[in-house]
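Atom set for the values below is all heavy atoms of this structure, side chains included, hydrogens, waters and symmetry mates excluded. A quick note: this is a predicted structure, and the numbers were derived from the prediction, not measured.
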Amino acid sequence: MTNAYSLDGVLVFGLLFVCTCAYFRKVPRLKVWLLSEKRGVWGVFYKAAVIGTRLHAAVAISCIVMAFYVLFIK
C-alpha cells in the first residue's frame, strides 16, 4: 500500500489521474459532461486529459515503471 503523503504516492495518484482523464476524453458522454470547462477548478480535468493524450507514450512508460516499482521494489 502506498502512502498518500510520500512522493511515490503522489506520483501514483498523478499518473492515475492523468490516465483516467485521458480515458474520459475518449468517451463522448463523459467528454461533454466532465471536460467541457477549460478554466477554473473543472479545468484541471481538461488539462490532465490534454497531457494524457499528447504525451501518451511517456505516460504509458511512466505507468509501467511505477507499477514495477510499487510491486517489486517497494
Side-chain angles (χ1 to χ4, degrees):
M1 187 62 76
T2 59
N3 188 0
Y5 298 110
S6 63
L7 179 62
D8 55 350
V10 172
L11 289 175
V12 168
F13 176 77
L15 283 172
L16 289 174
F17 183 73
V18 168
C19 292
T20 304
C21 289
Y23 173 75
F24 285 165
R25 190 170 181 166
K26 299 293 181 186
V27 179
R29 285 190 178 183
L30 292 175
K31 182 178 180 180
V32 171
W33 179 67
L34 190 62
L35 302 174
S36 60
E37 289 291 326
K38 296 182 181 178
R39 294 172 34 204
V41 175
W42 290 102
V44 174
F45 294 105
Y46 174 78
K47 291 172 185 172
V50 169
I51 290 170
T53 54
R54 289 186 184 171
L55 299 174
H56 62 277
V59 171
I61 292 170
S62 299
C63 286
I64 291 169
V65 169
M66 186 56 73
F68 180 79
Y69 171 74
V70 169
L71 289 174
F72 298 114
I73 296 176
K74 188 171 180 182

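In terms of heavy atoms, V59 sits closest to I51 at CG2-O, 4.4 Å. The minimum heavy-atom distance linking V18 with G52 is given by the pair CG1-CA, 3.5 Å. The two residues K47 and K38 make their nearest non-hydrogen contact at CE-O, 4.0 Å.
Between F72 and F68, the ring planes lie tilted relative to each other; the angle falls in the 30° to 60° range.
Placement of V27 and W42 within a single hydrophobic cluster is found when ILVMFWY residues are connected by side-chain heavy-atom separations under 4.5 Å, directly or transitively. Cluster annotation: L15 is connected to L7 through the hydrophobic network of ILVMFWY side chains, with a link wherever side-chain heavy atoms come within less than 4.5 Å. A single hydrophobic cluster is not seen to contain both F13 and V70; linkage of ILVMFWY side chains at heavy-atom distances under 4.5 Å, directly or through other members, places them apart. Linking ILVMFWY residues whenever their side-chain heavy atoms come closer than 4.5 Å, directly or via other members, places Y23 and F17 in the same cluster. Hydrophobic clustering, with ILVMFWY side chains joined whenever heavy atoms are under 4.5 angstrom apart, groups L11 together with I73.
Taking CG from L71 and CE from M66, the interatomic distance works out to 11.5 Å, rounded to the nearest 0.5 Å.
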